[in-house]
Amino acid sequence: MRKIAGVAGALQKFPASDAIFFKRHGSPYREGDVFRQPDLARSYRALARDGIKWFYDGPFSKTAAKWMKANGGILTEDDFRNYRLELREPIYTTYRGYRVVSFPPPSSGGSTSRRS
């Protein structure tokens with residue numbers, strides 16, 4: 001909860017994040033406070049009930065795209081609809097007698113790309 005206080009200004013720019021991360025009078029939640037996210041709970045229930053179509057080609061993608069357009073974002077319904085998950089083989093190694101399983105490098109290369 002200390003991290004939320006550190007980014008309060010950025011979070012409070014948006015009514016939704018302000019309502020989630022701050023109490024009614026604007027102060028951030030503190031350790032020991034009850035913290036609820038009913039919209040997130042509804043999203044998890046809808047995803048469990050309706051599957052990934054709800055997220056990629058249903059109410060979530062429509063709502064997210066509408067919000068993006070209204071707030072200068074670039075994601076569209078087509079971006080959600082056309083997204084394809086690529087499963088990649090994990091990386092296996094051992095360390096001090098333990099088997100370690102990790103994510104492979106990102107598909108975009110990023111900081112792990114090599115120059116020829």
Checklist entry - So which heavy atom on Gln12 is nearest to which on Ser17, and how close? => result N-OG, 4.5 Å
Checklist entry - Once you round to the nearest 0.5 Å, how far does OG1 of Thr76 lie from CZ of Arg81? => result 8.0 Å
Next on the checklist: Please report the interatomic distance CD(Glu77) to OG1(Thr63), rounded to the nearest 0.5 Å.
Outcome noted: 9.0 Å
Checklist entry - Would you say Lys66 has more than 12 foreign heavy atoms packed within less than 6.0 Å of its NZ? => result no
Checklist entry - Which hydrophobic side chains are connected to Phe14, either touching it within the sub-4.5 Å cutoff or through other members that do? => result Leu47, Ile52, Trp54, Phe55, Tyr56, Phe60, Trp67, Met68, Leu75, Phe80, Tyr83, Leu85, Leu87
Item to check | Residue pair Pro104 / Pro90: nearest heavy atoms and the distance that separates them | outcome: CD-CA, 4.3 Å
Item to check | CG-NZ distance between Asn71 and Lys69, expressed to the nearest 0.5 angstrom | outcome: 12.5 Å
Item to check | Test item: Phe21 and Val7 side chains (from C-beta on) under 4.5 Å apart, heavy atoms | outcome: no
Checklist entry - Taking it one step at a time, do Glu86 and Arg84 satisfy salt bridge (Lys or Arg N to Asp or Glu O under 4.0 Å)? => result CA-CA 6 Å; Glu86 290 201 30; Arg84 298 294 175 257; over 6 Å; no
Next on the checklist: Assess the residue pair Ile4 and Leu11 against the criterion (side-chain contact (heavy atoms from CB on, under 4.5 Å)); give the C-alpha distance rounded to whole Å, side-chain angles, the decisive distance to 0.1 Å, and a yes or no.
Outcome noted: CA-CA 8 Å; Ile4 291 174; Leu11 288 171; 4.0 Å; yes
Item to check | Considering all heavy atoms, the nearest Ser27-His25 contact | outcome: OG-NE2, 2.8 Å
Item to check | Cluster companions of Tyr44 among Ile, Leu, Val, Met, Phe, Trp, Tyr (side-chain spacing under 4.5 Å) | outcome: Leu40
Checklist entry - With the threshold set at 4.0 Å, does a side-chain nitrogen-carboxylate oxygen contact exist between Asp33 and Lys23? => result yes
